[in-house]
Number of protein chains: 4
Amino acid sequence: MIKVVVAGFTGEMGQNTVKMVQNTSDFELVGVFAPSAKGKSAADYDLPETTSVYGELQSIDCEADVWIDFTLPDFVYENVKYAIKQGMRPVVGTTGLTAEQITDLNQLIQAKGLGGLIAPNFGMSAVLLMKFAKEAAAYFPDAEIIEMHHPNKKDAPSGTAIKTAEMISQVRHPHTQGAEQEKETLPGSRGGDYEGMKIHSVRLPGYVAHEQVLFGAPGEALTIRQDSFDRQSFMTGVRLAVKEVMNLTELTVGLENIL
Amino acid sequence: MIKVVVAGFTGEMGQNTVKMVQNTSDFELVGVFAPSAKGKSAADYDLPETTSVYGELQSIDCEADVWIDFTLPDFVYENVKYAIKQGMRPVVGTTGLTAEQITDLNQLIQAKGLGGLIAPNFGMSAVLLMKFAKEAAAYFPDAEIIEMHHPNKKDAPSGTAIKTAEMISQVRHPHTQGAEQEKETLPGSRGGDYEGMKIHSVRLPGYVAHEQVLFGAPGEALTIRQDSFDRQSFMTGVRLAVKEVMNLTELTVGLENIL
Amino acid sequence: MIKVVVAGFTGEMGQNTVKMVQNTSDFELVGVFAPSAKGKSAADYDLPETTSVYGELQSIDCEADVWIDFTLPDFVYENVKYAIKQGMRPVVGTTGLTAEQITDLNQLIQAKGLGGLIAPNFGMSAVLLMKFAKEAAAYFPDAEIIEMHHPNKKDAPSGTAIKTAEMISQVRHPHTQGAEQEKETLPGSRGGDYEGMKIHSVRLPGYVAHEQVLFGAPGEALTIRQDSFDRQSFMTGVRLAVKEVMNLTELTVGLENIL
Amino acid sequence: MIKVVVAGFTGEMGQNTVKMVQNTSDFELVGVFAPSAKGKSAADYDLPETTSVYGELQSIDCEADVWIDFTLPDFVYENVKYAIKQGMRPVVGTTGLTAEQITDLNQLIQAKGLGGLIAPNFGMSAVLLMKFAKEAAAYFPDAEIIEMHHPNKKDAPSGTAIKTAEMISQVRHPHTQGAEQEKETLPGSRGGDYEGMKIHSVRLPGYVAHEQVLFGAPGEALTIRQDSFDRQSFMTGVRLAVKEVMNLTELTVGLENIL
């Protein structure tokens, strides 16, 4: 049984995490923390009596194996530091930690003989897509990326698409794809260029967050696609992180590094 | 039984057409024509004795219902004119006819009480995709087009993709899609712009000729895709044209106009 | 400006409909009705003062063009009858009307010189998919259907898939598809049989409601796909129904009949 | 520079291999072998003078690194044995070797300090799909397989689909997928069952050989797809095999084992 504290449990990610921990047979929710929970009881949040509710960091005194952090950038460093000192292994989804802070936390973790994980993205399907794309590129050097998102997304391409291209480029020699004297009659139709690899960004209502990597070689094609429909999707990755963090011996960054 | 003459029967499209006519139960191959066939017999081409082989236009004397033309731009006008005079209905896949020539042939066809069809594209799946995309756009005004071709294709987007966008724009009010303050960190990633609709061109080895139209609306998506794997694919369209040309009363241009 | 009353406005579909009406520039929300709203005011529901809130059917006295009904099977008949008598055109998403009741309501509608629409499915992408599939089958007689749903769905194939097969079969001669001496080493792998056409049902977590129709012909393929991500998706269809019901002169059944 | 002999060079696979070797900058085609080539010269096959043409096994005397075998089941054992004795490393695409023959050849290879590869399938995209599917199943235990082939294929599911299911089952605990009280109104619609995982086989004209593995988890989906359009596709795998066989120290079976 892995004993878990969920920090930032009142937010959307926190709420999903609380449900996931309760629904996982070998996890036990021993505590939840959020400043807004000061003075509240487990019953106020429909939690079992065995779950301690904390409104102040310093008051957290339960014994736990893992600290799941979905708090805020301004507080994540102090939160995680406190958790490590209490002997908990941090699984951090909150953004905002600086390189110095990560180094600092890593030293603390190793001094305590623990492990930890920081993951900017808990989407398992996205992380696996990137991993497979990198592997496939060793055999299929010609690739294009198509990502599809809701129409409110301001940046194109998506961060995941850029990261996918970066990972592919670690095994692919830069080279121009397409015909030598290629001509765009509509500028941009051939997509954004990343070392000769093309990236296309689709923005349409109804879509949430999706990505395809297309590989082509004489007579065959390989396509890897992932679809994220809602934030619930991150729970598969958080669950995995909680299990794997028990075996780590340092502060690892990136879900892909525990696969 | 529809009696058919195949002109340009020695080329790739002509050969496919000969096979298609022979494999269609209510078609009869009464003649084939190609200048290179001068002096040759049906047996030389593994054709049945009942098929007349012609090497010269003027020698063609068989009675037929339909003239299928896959000859050459320089000769198509004279060929088709001759066929109409002989009472045949032309189905023309050869390019190169000018607007004046088409008008001219149309007059001749109507004077003879016949019909005819000129089709720049006999790909049924592409023609249906365009038709459906236009219909769907009346209900789903937000669309993006992704076309995928072999890497030797020089122009982007493909002619079919441009034509699809044109057809959609007949029922769609021009409007910008995507976020208002959208920003491309890789120029071109949002694709080529056609009245606010985006077109993306993928070029990869292995691919032949493919097109997708993606429609999105709150909570749902509609996608229409067509794949052309080889030229054999045109035969579904040619077969349809031969059947439908029997009911036409003028020279129609475009396979979509007989669906 | 089309004046609208939403009946059953407190349910999920009703709430979505209220938002849709408010967000459509040429619609005006003049009234909402739900038994549970008895004694409540517009302010209680964050509605503008100009919207009348009704808790009893007989008290509804506002002048309106369209009555949107997302109530309950037991009450829909009385609700719609009342609305027609008040001169409103019904758009009915509630199930449970019998054939006799529909005939009855139709007579009433015609007597009043109105029109109406009953739609079991307001999903535009599903309705268009079925329409296009039927059209395509006239040219591509070989088709297979793959539908994908969440793993809690008990029946397979889905009702929409069955209806798609029915519509295709209206233009397709029944014939066996696949190799003559086809052999299933795993029984069921070739799918469910509908007049020789195969239907495949996928059930996986993460999926919501999706359907693909695959057509194949020598050298080419045509695929039509629709994805329903959430109930919000029905609003595109409801909006269309409200607009089109103004032009109807009888009680029409099925969204596909107003496309 | 890797020196290569192509055995069975006059067949379709052999011809594709000859072209591939000639088009690969660090490969050199030093010899070709086929019984039908007896008495012929390099010029007869449009090959460079530097390529030796052999019509008899025993006459092969060129120095080469790799023997690519696309001959016939009845001769492959003798061919490969001879090649190994000449110091060549075999890359074998010919089927028909028995388990005993493979053991025998392996001993010979190790005695000579060489390596070799036997691959029933050189399709890189299929091999990678299987590899990735197995990896993904460790995180996404709910999967379904859809394979699509031409309508002349007699067995369903395809061998590759079965093998994919086997590989997934190495990391997936058998469990029933779908609703507990699932009911098929059309028998077979839920597909063929492999330890609770479903496999669906589509057969349509136009299609060649394609496979999709669909994974689903709460809120997300991962899909891996491969398309084989023609036999040319095997050349990516053969090229890789030629390069990797230089590093092998035994007779390896299966392209996936050198990735």
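Residue numbers start from 1 in every chain, and the chains themselves are labelled A, B, ... in the order their sequence lines are given, proteins ahead of strands.
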- Query: Heavy-atom distance under 4.5 Å to chain B: side chain of A:P187, backbone, both or neither?
  - Reply: backbone
- Message: Please classify the contact of A:A143 with chain B as side chain, backbone, both or neither, using a heavy-atom distance under 4.5 Å.
- Response: backbone
- Note on the structure: Okay, B:F140 and chain A: the region with an atom under 4.5 Å from a heavy atom over there is neither
Distance-only donor-acceptor screen, chain B against chain A, under 3.5 angstrom:
residue: B:E144; atom: OE2; partner: A:R203; partner atom: N; Å: 3.1
residue: B:P151; atom: O; partner: A:A179; partner atom: N; Å: 2.8
residue: B:K154; atom: O; partner: A:K183; partner atom: N; Å: 2.7
residue: B:A156; atom: N; partner: A:K183; partner atom: O; Å: 3.0
residue: B:A156; atom: O; partner: A:T185; partner atom: N; Å: 2.7
residue: B:A156; atom: O; partner: A:T185; partner atom: OG1; Å: 3.2
residue: B:A156; atom: O; partner: A:S189; partner atom: OG; Å: 3.4
residue: B:A179; atom: N; partner: A:P151; partner atom: O; Å: 2.8
residue: B:K183; atom: N; partner: A:K154; partner atom: O; Å: 2.7
residue: B:K183; atom: O; partner: A:A156; partner atom: N; Å: 3.0
residue: B:T185; atom: N; partner: A:A156; partner atom: O; Å: 2.7
residue: B:T185; atom: OG1; partner: A:A156; partner atom: O; Å: 3.2
residue: B:S189; atom: O; partner: A:S201; partner atom: N; Å: 2.7
residue: B:S189; atom: OG; partner: A:A156; partner atom: O; Å: 3.4
residue: B:R190; atom: NH1; partner: A:S201; partner atom: O; Å: 2.9
residue: B:S201; atom: N; partner: A:S189; partner atom: O; Å: 2.6
residue: B:S201; atom: O; partner: A:R190; partner atom: NH1; Å: 2.8
residue: B:R203; atom: N; partner: A:E144; partner atom: OE2; Å: 3.1
residue: B:P205; atom: O; partner: A:A217; partner atom: N; Å: 3.2
residue: B:G206; atom: N; partner: A:A217; partner atom: O; Å: 3.4
residue: B:A217; atom: N; partner: A:P205; partner atom: O; Å: 3.2
residue: B:A217; atom: O; partner: A:G206; partner atom: N; Å: 3.4

- Message: At a heavy-atom distance under 4.5 Å, which candidate from A:A161, A:G178, A:A217 has the highest pair count against chain B?
- Response: A:A217
- Could you grab the distance from atom CD1 of A:I146 to atom CG of B:L214, nearest 0.5 Å is fine? 8.5 Å
- Which heavy atom of A:P205 sits nearest a heavy atom of B:P218, and at what distance? CB-N, 4.2 Å
